[in-house]
There are 2 protein chains.
Amino acid sequence: MGEHREQGYTPRQRAVLERALELLVAGGEKAVTTAGVARAANCSKESLYRWFGDRDGLLAAMIAHQASKVRTFADDGEPMDRVHFRAHLVAFARDLLDVLSGEVSLALNRLAIGQASREESRLGRLLVAQGRRRIDEGAIALLEAGRRNRHIAYDDADDAYRTLYGLVVRDLHVRMLLGESGARRHEKFAAMAEGAVERFFALHGVREKERADTA
Amino acid sequence: MGEHREQGYTPRQRAVLERALELLVAGGEKAVTTAGVARAANCSKESLYRWFGDRDGLLAAMIAHQASKVRTFADDGEPMDRVHFRAHLVAFARDLLDVLSGEVSLALNRLAIGQASREESRLGRLLVAQGRRRIDEGAIALLEAGRRNRHIAYDDADDAYRTLYGLVVRDLHVRMLLGESGARRHEKFAAMAEGAVERFFALHGVREKERADTA
DNA sequence: ACAGAACCGTACCGTACGGTACGGATAGAG
DNA sequence: CTCTATCCGTACCGTACGGTACGGTTCTGT
């Protein structure tokens with residue numbers, strides 16, 4: 001068969017998932033009906049069921065498909081001066097805010113949260129595992145690099161990362177999930193990222209003289 | 001009419017809302033059917049529609065009903081020493097974690113988030129306005145009292161509060177909403193509250209000598 | 001005691017959706 | 001050219017739910 005699938009799904013199937021995501025963003029979970037997706041994507045319901053099993057399989061496929069678009073920090077082991085490390089942190093904070101405030105991200109998180117009550121939250125675990133986990137690991141790698149270069153200090157990397165996350169996101173994610181329009185002030189994200197990193201250094205930063213002492 | 005309504009709803013109606021909340025906690029939004037609520041509460045669907053208008057009205061009433069059970073810090077204007085202020089902060093942090101991790105709270109937040117896509121997120125705004133807002137105001141009053149007594153310092157009370165919130169909650173709320181079972185480690189909340197307040201003082205605390213200087 | 005309102009339980013209606021089946025079109029394999 | 005597999009479009013089925021109607025019962029105010 002000549003179908004060249006890049007990520008587990010054929011191009012045709014990915015196109016269908018894209019249309020399904022558009023429906024989800026526009027109208028929430030209830031807008032993602034099998035008939036609606038088939039009509040929007042110009043495919044038959046029969047094909048949907050052959051490709052994704054059932055409606056839940058389709059929803060899971062939408063999450064898996066979207067999760068295959070996350071970039072992350074790669075630790076190259078090279079030394080990094082304080083200015084660059086700080087810039088990396090600010091960039092991470094800004095990226096995080098951008099990702100969390102994205103329409104598709106919000107729609108998928110709403111979907112997974114809405115399903116969390118029943119069926120032991122399959123979609124929630126899928127979303128965390130495929131989306132969030134990779135972001136977390138990239139950020140922790142960044143923190144480890146910062147500690148190795150004596151820019152910051154902490155005992156528990158995971159704990160430090162969660163503190164950074166809290167300082168950056170605060171209650172913004174939930175407010176956006178709840179639909180509070182004022183929360184998505186995209187133009188304020190840069191200042192928010194700066195402030196968060198500033199506070200993070202106040203908690204975990206190593207002063208230059210101390211850095212020399214412990215080096 | 002002899003019906004003594006305490007909070008906008010008669011006792012009978014509140015009992016019905018309680019049963020509806022149980023259904024919501026047990027099975028999510030889809031479990032809250034008009035027939036199901038009527039059966040569980042031993043009332044007729046006709047009464048449900050007379051009391052709450054339609055299904056959305058019932059959901060809104062559930063939120064309003066639940067929101068009428070929030071205690072908050074009341075600022076009495078009296079001086080407060082540092083130990084007591086710190087204890088108040090830790091108690092607030094612990095209360096916040098307890099509230100957010102409560103089954104009913106999680107279920108209602110999931111409900112409001114699930115509806116946030118369509119109908120301009122009525123329930124979301126209702127939940128924020130009736131539930132969260134009061135918690136926020138109580139906490140900000142507490143912070144103001146702490147600043148008045150020179151225990152902490154900040155420029156923007158709202159900004160300082162959001163920092164505190166982020167340090168306390170981090171990404172815990174969203175993880176719980178997604179159904180991550182490991183997130184609801186109830187027994188760790190005390191330590192988390194302590195740590196968060198510790199960090200908050202590191203950012204906004206006023207040292208005793210500085211306190212004397214500026215007094 | 002009586003009238004009227006509120007209420008319960010059940011039955012009923014229309015609709016929308018998940019899932020299946022089928023006929024016809026298309027395209028690649030031999 | 002023919003056979004076969006995939007696919008589209010539509011029609012179809014069963015169910016579940018939101019909302020309404022109605023008869024019978026209990027409660028309330030006078």
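The sequence lines fix the lettering, A, B, ..., with proteins before strands; numbering per chain opens at 1.
- Sequence order on DNA chain C of the closest nucleotides to A:K30 and A:S44 puts A:K30 first from the 5' end.
- Not a single donor-acceptor pair, N or O on each side, falls under 3.5 Å between the base of D:dG9 and the side chain of A:K45.
- When each of A:R122, A:R110, A:E29 is checked for a side chain to side chain donor-acceptor pair (under 3.5 Å) with A:Q115, only A:E29 meets the rule.
- In this pair, A:F201 and A:F85 present their aromatic rings perpendicular. The plane angle is above 60°, beyond the 30 to 60° band.
- Classified by interplanar angle (parallel below 30°, tilted 30° to 60°, perpendicular above 60°), the ring pair A:F189/A:H186 is tilted.
- Put simply, CZ on A:R19 is 14 Å from P on D:dC8, counting in whole angstrom units.
- In this structure, A:E46 and A:A35 both approach DNA chain C, and ranking their closest nucleotides by distance from the 5' end singles out A:A35.
- Nucleic acid contact for A:R12: sugar-phosphate only, since backbone atoms but no base atoms lie under 4.0 Å from a heavy atom of the residue.
- For D:dC7, one of the phosphate oxygens OP1 or OP2 lies less than 4.0 angstrom from a side-chain nitrogen or oxygen of A:R50.
- One interatomic measurement links the two molecules: OH of B:Y49 to P of D:dC22, which rounds to 17 Å at whole-angstrom precision.
- Contact annotation: A:S47 reaches the phosphate of D:dC8 (side-chain N/O to OP1 or OP2, under 4.0 Å).
- Side-chain N/O atoms of A:W51 include one lying less than 4.0 angstrom from OP1 or OP2 on D:dC7.
- Put simply, the residue from A:K188, A:R199, A:R86 that forms a salt bridge (Lys or Arg N to Asp or Glu O under 4.0 Å) with A:E194 is A:R86.
- If you measure from atom CZ of A:R55 to atom C1' of C:dG18, you get 9 Å, rounded to the nearest angstrom.
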